[in-house]
Amino acid sequence: MATETYLNAGRRAVIEEMQRDDAVWALGEDLGRGGVFGQYKGLQEMFGVDRIADTPISEACIMGAAVGAAMTGTRPIVEMRFSDFALCAVDELVNQAAKARFMFGGQMRVPMVVREPIGMWRSSAAQHSQSLEAWYTHIPGLVVVAPATPADNLGLLKSAIRNDDPVVYLEHKNLWALEGEVPEAEHLVPLGKADIARAGDAVTIVTWSGMRHGCLRAAQTLAGQGIESEVIDLRTLWPWDRDTVFASVRRTGRLLVVQEAVSVSGFGAEIAASVAEALHHDLKAPVRRLGAPRIPIAYAPALEDRARVGDQAIIDAVLGLVAPCPAD
Amino acid sequence: MATETYLNAGRRAVIEEMQRDDAVWALGEDLGRGGVFGQYKGLQEMFGVDRIADTPISEACIMGAAVGAAMTGTRPIVEMRFSDFALCAVDELVNQAAKARFMFGGQMRVPMVVREPIGMWRSSAAQHSQSLEAWYTHIPGLVVVAPATPADNLGLLKSAIRNDDPVVYLEHKNLWALEGEVPEAEHLVPLGKADIARAGDAVTIVTWSGMRHGCLRAAQTLAGQGIESEVIDLRTLWPWDRDTVFASVRRTGRLLVVQEAVSVSGFGAEIAASVAEALHHDLKAPVRRLGAPRIPIAYAPALEDRARVGDQAIIDAVLGLVAPCPAD
Amino acid sequence: MNDAHNLDRERFGAVLTLMHRIRAFEEAAIAAQKGGLVLGAIHPSIGQEAVAAGVCGNLQAADLMLSTHRGHGHTLAKGADPLAMMRELFGRAGGTCGGKGGSMHIADFGVGMLGANGVVGANIPIATGAAHGLKLQGSRQIVACIFGDGAINRGPFLEGLNWARVFDLPVLFVCEDNGFSATTRTRDMTGGAGAAARAQSIGIPAEEVDGNDVLAVDAAARAAIAAIRAGKGPVLLHCRTYRITGHTAVDPATYRPAEEVEAQRANCPIHRLRAVLALSGMDRAALQQIHDRAVQEMNAIAVQASETDWPDPAAAFSDVQDMGDPRERAY
Amino acid sequence: MNDAHNLDRERFGAVLTLMHRIRAFEEAAIAAQKGGLVLGAIHPSIGQEAVAAGVCGNLQAADLMLSTHRGHGHTLAKGADPLAMMRELFGRAGGTCGGKGGSMHIADFGVGMLGANGVVGANIPIATGAAHGLKLQGSRQIVACIFGDGAINRGPFLEGLNWARVFDLPVLFVCEDNGFSATTRTRDMTGGAGAAARAQSIGIPAEEVDGNDVLAVDAAARAAIAAIRAGKGPVLLHCRTYRITGHTAVDPATYRPAEEVEAQRANCPIHRLRAVLALSGMDRAALQQIHDRAVQEMNAIAVQASETDWPDPAAAFSDVQDMGDPRERAY
Ligand SMILES: Cc1ncc(C[n+]2csc(CCOP(=O)(O)OP(=O)(O)O)c2C)c(N)n1
Ligand SMILES: Cc1ncc(C[n+]2csc(CCOP(=O)(O)OP(=O)(O)O)c2C)c(N)n1
Ligand SMILES: [Mg+2]
Ligand SMILES: [Mg+2]
């Protein structure tokens, strides 16, 4: 084990996979200077300008070109810089990358990883803060991954690069500097497997990406009050790990989903609805979601904070869930 | 009352609102020849080339130009032809139209209606069949409307055109030819109000757009078996009519959501999750969703049909809901 | 323009055969659609066959080609099996895409045909990326990307051409300019002189050519492809042609004067090539036989396609993605 | 180039004042960011002030202007209140957008400034549409749309310019070419000769101008605006300038040689205008006073902004949309 930042763990994943497989390459704006957050620092020196390719400011073509390059035997890593800018390339991702394998009757595959940093990052405002993971989970053909720790960013990104279908890979901008233990040996985290970040039997908290950390802090506080929460970090949103979530909810009888994204039609709705459908009779309390209100994200901190799910909101929600139900 | 097609009802809405308000105009490809489905037939002759504007094949600019034109005092109706092509203009809709009012601190509004025909229309395949309403409901700043009848297409489109914020207006391609009674006098349907398409007390079926009709057929069949379903057509997806849905589910104790879209992270998840959260103790059976599997839509009918929610599936789901629960 | 007397009769006899086969394929498909056998929309390229034949005829088998919603001609010219294509139009088993795609999504990777596309202009970045992928792998193949005149008003046209220039990619861009963007005259919606001028402004050599003169298209494509294969980067050909049918097979296209269409019929690329071949000494009977064989072939194919089984409905759930259950939460 | 002796000293004195105010505003903002007062990223336009002053100085109050992420200069030049702008950068009450937008989303509709934009190139279709809206309403106003050199590689550039040409709209497109797309040299990512050539290929008259010579920018903008106001449709100005700072205020910009930056500092548009004004007979003290006043003004504004209240957090829920409860399902 070594201590590594989330950012460097992702960088290491790219290096290892590029060393392992000549077909892997990365493309995006400013990659030669390390990319906008430094995720690609030094990589052009290591791998050359062909494999760490600087591109024009042409998101549609970055995405579309990756589709073509994936069809012809390479394995592109697409860097979208901010997930917000990926909105300039939705046809290319949704109508092209995601559907090609199916539309063309399985003649080929489109192995590409689309890195789209998501999330609030102090005072970045409405066009640099979004979390739209729910959208991608709705699109057949896409795998959706959202790592929350350095080790997972290493192991999931490596798995994503090896995956033969398009993967939307959502790193959280606020986690770049987060440090954590990362195995020094080859480390692969399988896609589709959740991580039980904390075990507990009072309530199941399902979360992903940046909110993992708020949930763990809240669970810590709650443990002080004798309430043991199970915190499940989904890590992969599609396919999500129903088995792990369902097993936990069967045990705890209580589900809280915590997401940074807008709650309305967020991915939390899918989890909550799935659990409500399948485990209604196991539930000791109604399922519960936490997420952002349906507002654009503001610049001024006090306003921006209204779009954040704070630790206290998580604590309150858990307390609400474990309280004896008045209606029963 | 007169009998009118869904298509002509929409056309009438445009005519009436353009007559009423000089600021209203429409832009899109081929509008001068009536638009791709004939929704604008004869309108250029009536209103001239400025107000029924033919455009280049430039979806991004159609949408973006509408944002600018809305900011400067006009009320554009954007025609996207197929909702699939709107994926070429997502930045313009989501990052610009939806957020401008908020980002700029309420200095102005963006009154525009984006018409995006959705849904399966026999053998149109993966790039001409999608229903992505869930996406838009997730985006702060957008109103989302999905009419299912000729009268609603008249009354909702008129209300949408009068709305001062961007409205994503999703007509269903398979309904163009549907005939129905339409008031001859001015007819406005308020945004945000559901329609109880059929009253019943055994189960609440919440649906919208094309699936309204399948639900009504299924309800008819079920009525023959003595099961009276309440069919609620939401009509507006954001804001959706929680009051009507909740009142119904409180009465019936059973919720089925029926949608044409992919079920995973579809808007049905939001409805099901909201009901499960709020009315858990009123439920006599678990909430239940029906929707498409997570597959692209195929061309061959037998394959395409696997993406459809058939009447029988609705009937079976209702029967499942009203059956005495084995676990209780 | 080649001199008819020096014409390579064998070669252009084969080109005529191809053009007749394309025409016959589409006429058979239109007839089949009237009979309810073609399930979705089809966009015929009748009158535009010289572009398909002139361009794709100069590609090698290993070269790649990407097309549009109006792609039957290009696809046949690249070597796809017409029976599999017809089956695809009919939504049958054994279609090029197993019935999953239909006319607008025909692809045949086996012959380097990387896909029609239902989204105007979307093939341009994909083709550019395919060329990028080839170049990264040290391949000598090239990519031809065919699109309509309407597509040059979409952003991906700019982004793709710029990209191809910046990375010096082996792409032949072909603007198949039939004058229309669906029901709209493209010139009314286009600033400036069009595709070639735009390409040149991006630093891409471009040439305009009479797209109904297959000899001219052939010569221009051959020269362009030679340059591209020599490593000179992208080239654009702007081929002016005319769409004889409506936008789709069911569009009566009443938005254009009958005389215009009649005049263009007289300019039919097949007629023109036949005339040149006749002048070069090919006899009438041989020419007639080329036509008749093509018609017979395609009519027989339509019959055969109509007798083919439907695909297994379970195929709706395959080829989606390796991870996850595509049936999850279905119905 | 105007002759220094015939220079309209009053007018260009005002231009110099504006350029100094822009520079001083941004220097104050950079200093404030070091002090933690500016909350989000800022993209200074130091060295590029001649474009803002030369273009916006020729707009009427009722004309509209749309800008980019690097928009402080344009916004001040269009007449926005620097105190409100500084408050916006500080995220305070009374900011141009009430603290909701920040630097990249400053807009001041009261002075015809329709918005900076966080998405490169996104302002082009919006500006085009704003002009479309004006034209439909029979207005005589025009719209200026300023964007960077990097934006010409995005699709909306093509779509917007083509649209403006097709509909003959009153738009002045201004490519403020500072040589860089963030940390990348734009020329390495751009095929062809750039913005002017591309505009011309779309049928839009275009001119290249030394963007560090405010007299040249002023003359070119004035001529272009006169043509546009006369109903001749869109024009593009390609202004070559240089970004003295990094991409953002915290970017050390080590990716370019120090000598290059030094040479460009010597080419500073403010120095150049000062030299011309001095030559024209304006005295040193007057010139110095223009500078000093600007610095005093902006420093005072920064202090004042820092003493302003934070916005009411409840404002997070207003200005979203009329329909529906924005708080629904919150937390
Ligand atoms: C992005 C997008 N917008 C609109 C359409 C609808 N559409 C299909 S074909 C067509 C006309 C295309 O014109 P052109 O590119 O000249 O090709 P042609 O049909 O003439 O071969 C249009 C507008 C589409 N498929 N994709
Ligand atoms: C669509 C999009 N892609 C990428 C970015 C990130 N980005 C912000 S500014 C910038 C460089 C823009 O270059 P240019 O247009 O020349 O403007 P400049 O910064 O030089 O003023 C980039 C790539 C963005 N904001 N939007
Ligand atoms: Mg055309
Ligand atoms: Mg620049």
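What you see below is based on every heavy atom in this structure, not just the backbone, and it leaves out hydrogens, waters and symmetry mates. The sequence lines fix the lettering, A, B, ..., with proteins before strands; numbering per chain opens at 1.
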If you define the side chain from C-beta out and look only at heavy atoms, does anything of A/H128 sit under 4.5 Å from D/M104?
yes
Contact list (residues 254-271 of chain A to chain D, heavy-atom gap under 4.5 Å, by number) returns A/S263, A/V264
Please report the closest heavy-atom contact between D/G101 and A/A125, naming both atoms and the distance.
O-CB, 3.5 Å
Do any N or O atoms from the side chain of D/N153 and from the backbone of A/P56 form a donor-acceptor pair under 3.5 angstrom?
no
Going by residue number, which parts of residues 38-45 of chain D are within reach of chain A, meaning a heavy-atom gap below 4.5 Å?
D/V38, D/L39, D/G40
Output for pair (A/I295 CD1, D/Q321 CD), nearest 0.5 Å, gives 11.5 Å
Those residues of residues 35-55 of chain A, ordered by number, that approach chain D below 4.5 Å (heavy atom to heavy atom)
A/D54, A/T55
Provide the closest heavy-atom pair for D/P311 versus A/A302 in the form atom of the first, atom of the second, distance.
O-CB, 4.5 Å
So do the side chains of A/P296 and D/V320 get within less than 4.5 Å of each other, counting heavy atoms only?
yes
Chain D: which of A/G34, A/S124, A/C88 shares the most heavy-atom pairs with it under 4.5 Å?
A/C88
Which atom names give the shortest non-hydrogen contact between A/A300 and D/G91, and what distance separates them?
CB-O, 3.4 Å
If you count heavy-atom pairs within less than 4.5 Å of chain A, which of D/T184, D/D312, D/T190 leads?
D/T184
At their closest point, which heavy atom of D/P313 faces which heavy atom of A/L303, and how far apart are they?
CA-CD1, 3.9 Å
In terms of side-chain heavy atoms, does D/R154 have a donor or acceptor partner in A/S58 at a distance below 3.5 Å?
no
Checking D/Y255 against chain A: side chain, backbone, both or neither under 4.5 Å from a heavy atom?
side chain
Compile the donor-acceptor pairs under 3.5 Å between side chains in residues 116-124 of chain D and protein atoms, sequence neighbours left out, one pair per line.
unit_1	atom_1	unit_2	atom_2	d
D/N117	OD1	A/Q127	NE2	3.4
D/N117	OD1	B/Q96	NE2	3.1
D/N117	OD1	D/V119	N	3.1
D/N117	ND2	B/Q96	OE1	2.8
D/N123	ND2	D/S67	O	3.0
D/N123	ND2	D/I146	O	2.7

For A/R288, is it the side chain, the backbone, both, or neither that has a heavy atom closer than 4.5 Å to a heavy atom of chain D?
side chain
Heavy-atom cut-off 4.5 Å, strictly under: side chain, backbone, both or neither for A/A60 against chain D?
neither
Expected output: side-chain A/Y299 to main-chain D/S103 donor-acceptor under 3.5 Å:
no
